[in-house]
Amino acid sequence: MTPPSEVIPGRRSSASRTHQPARADNGLPGVFYQREPWVVASELLGKVLVKGETAARIVEVEAYGGVDDPASHAHRNRTRRNDAMFLEGGHWYVYFSYGMHWCINVVCGSAGVPGAVLLRAAEPMAGLAVMRARRGAAVRDTGLCNGPARLAQSFGVTGSLDAACIGTDRSGDLGIIDDGQACAGDPVNTVRVGISAGEAIPWRWYVPGSPHVSRPR
DNA sequence: ACCGGGATGTTCT
DNA sequence: GAACATCCCGGTG
């Protein structure tokens, strides 16, 4: 399914000017997710989060591990909340934060070994009107998906998707696809945001210069 | 611009 | 009871 007639920022409408056919959207194979979260994380930059008519290019992520990562929800025990982190890579982990926000994670690694990548920010590409209906009519483009809870809200994601499989095309519920566009620039690697344990672990990556990143610098 | 506080529920001490 | 992978709004420069 192709998105509606909406203009997609950052995408050239020059397919007719080249001999190469436009590259098809590709879902990511299961093995992509079945690696350590800190390996998968930076490779998710530039990929496209899709759900219905909404789409956005991922520009900021953070990796979270298991018992060795004091900032991880799986640092202590397996509970009902963090259970999805123990699934095989290729599922969603969606948790409720601060009593009012939802956050979206990509589960990574092998079954039984907790690990996930938090999707912190993305550049809206399609369905911006739907995002505004969820986030607020006056919200700027750069305010739609520049934070983990804002991103989830723009996509209408709640806990009902926790532990679901990651979709591989635009016809599914919530998925990730590769549209062939490379990440613009080398990812910037920093410490993670908003945590009070494991502050020294540099497991955050973002696209340099993107105005859609949640907290530049 | 930068700050401080409040909203709100699940998890853990 | 306190902490929490957050966000919004209203204060002050």
Side-chain angles (χ1 to χ4, degrees), chain A residues 33 36-42 44-45 49 56 58-87 89 91-109 113-124 131-164 166 174 176 187-207 210-217:
Chain A
Y33 301 107
E36 309 281 27
W38 54 89
V39 174
V40 175
S42 65
L44 282 170
L45 296 178
L49 185 68
I58 298 166
V59 298
E60 181 185 353
V61 295
E62 283 177 357
Y64 287 87
V67 293
D68 295 331
D69 177 9
S72 172
H73 288 168
H75 176 49
R76 297 180 183 281
N77 296 315
R78 188 169 183 165
T79 65
R80 199 156 100 263
R81 174 169 80 153
N82 66 23
D83 191 66
M85 286 188 77
F86 293 77
L87 297 174
H91 293 83
W92 294 115
Y93 167 45
V94 182
Y95 70 89
F96 198 44
S97 178
Y98 288 94
M100 69 193 83
H101 302 300
W102 296 99
C103 294
I104 305 171
N105 293 254
V106 172
V107 177
C108 297
V113 181
V117 174
L118 172 66
L119 303 184
R120 285 195 56 90
E123 174 185 348
M131 295 181 186
R132 281 202 174 83
R134 294 168 173 149
R135 287 265 308 124
V139 178
R140 304 162 151 60
D141 287 9
T142 52
L144 288 172
C145 301
N146 63 335
R150 293 166 175 172
L151 175 63
Q153 189 180 15
S154 278
F155 275 80
V157 170
T158 69
S160 64
L161 280 178
D162 186 43
I166 297 174
L174 180 68
I176 298 177
V188 178
N189 178 218
T190 73
V191 296
R192 294 170 291 184
V193 169
I195 55 173
S196 59
E199 301 101 316
I201 304 176
W203 279 356
R204 173 181 182 239
W205 289 266
Y206 64 88
V207 175
S210 171
H212 302 275
V213 168
S214 69
R215 283 172 52 173
R217 68 158 268 161

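Only a predicted model underlies this, so the values are computations on that prediction, with no experimental measurement involved. Per chain, numbering begins at 1; letters A, B, ... match sequence-line order.
- A/Asn105 is not listed as a side-chain neighbour of A/Met85, based on a closest heavy-atom distance of 4.5 Å or more.
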Could you write nucleotides 7-13 of chain B as a row of B, S and -, 5' to 3', where a protein heavy atom under 4.0 Å of any base atom gives B, of only sugar-phosphate atoms gives S, and otherwise -?
BBB-SSS
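- Counting non-hydrogen atoms under 4.0 angstrom, A/Leu118 reaches a base of the nucleic acid.
- Donor-acceptor pairing under 3.5 Å is lacking for the side chains of A/Gln153 and A/Arg134.
- Minimum heavy-atom separation, A/Pro124 to A/Cys145: CG-SG, 4.1 Å.
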With side-chain contact (heavy atoms from CB on, under 4.5 Å) as the criterion, how do A/Tyr33 and A/Val107 come out once you've worked through the C-alpha distance, each side chain's angles and the decisive distance to 0.1 Å?
CA-CA 7 Å; A/Tyr33 301 107; A/Val107 177; over 6 Å; no
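- When ring centroids are compared, A/Phe96 and A/Trp102 come within the 6.0 Å threshold.
- The closest donor-acceptor contact from the side chain of A/Arg135 to the backbone of A/Gly143 lies under 3.5 Å.
- A/Arg78 pairs by the salt bridge (Lys or Arg N to Asp or Glu O under 4.0 Å) definition with A/Asp83, not counting sequence neighbours.
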Do A/Trp203 and A/Val117 pass the side-chain contact (heavy atoms from CB on, under 4.5 Å) test, and can you show the C-alpha distance, the side-chain angles, and the key distance before you say yes or no?
CA-CA 9 Å; A/Trp203 279 356; A/Val117 174; over 6 Å; no
Dot-bracket assigned to DNA chain B with the 3.5 Å Watson-Crick/G-U criterion, [ ] for crossing and | for other-strand pairs, is |||||||.||||.
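- For residues 145-164 of chain A, proximity to DNA chain C is found at A/Gly147, A/Pro148, A/Ala149, A/Arg150, defined as any non-hydrogen atom under 4.0 angstrom from a strand atom.
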Criterion side-chain contact (heavy atoms from CB on, under 4.5 Å) on A/Tyr64 and A/Arg192, from CA distance to verdict
CA-CA 10 Å; A/Tyr64 287 87; A/Arg192 294 170 291 184; 3.2 Å; yes
Can A/Tyr206 and A/Leu45 be said to form a side-chain contact (heavy atoms from CB on, under 4.5 Å), step by step?
CA-CA 7 Å; A/Tyr206 64 88; A/Leu45 296 178; 5.5 Å; no
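- The shortest heavy-atom contact between A/Ala121 and A/Val213 is CB-CA, 4.1 Å.
- In this structure, the side-chain contact (heavy atoms from CB on, under 4.5 Å) partners of A/His75, at least two apart in sequence or on a different chain, are A/Pro70.
- Taking the 5' to 3' direction, DNA chain C first and last meets chain A under 4.0 angstrom from a heavy atom at C/dC4 to C/dC8.
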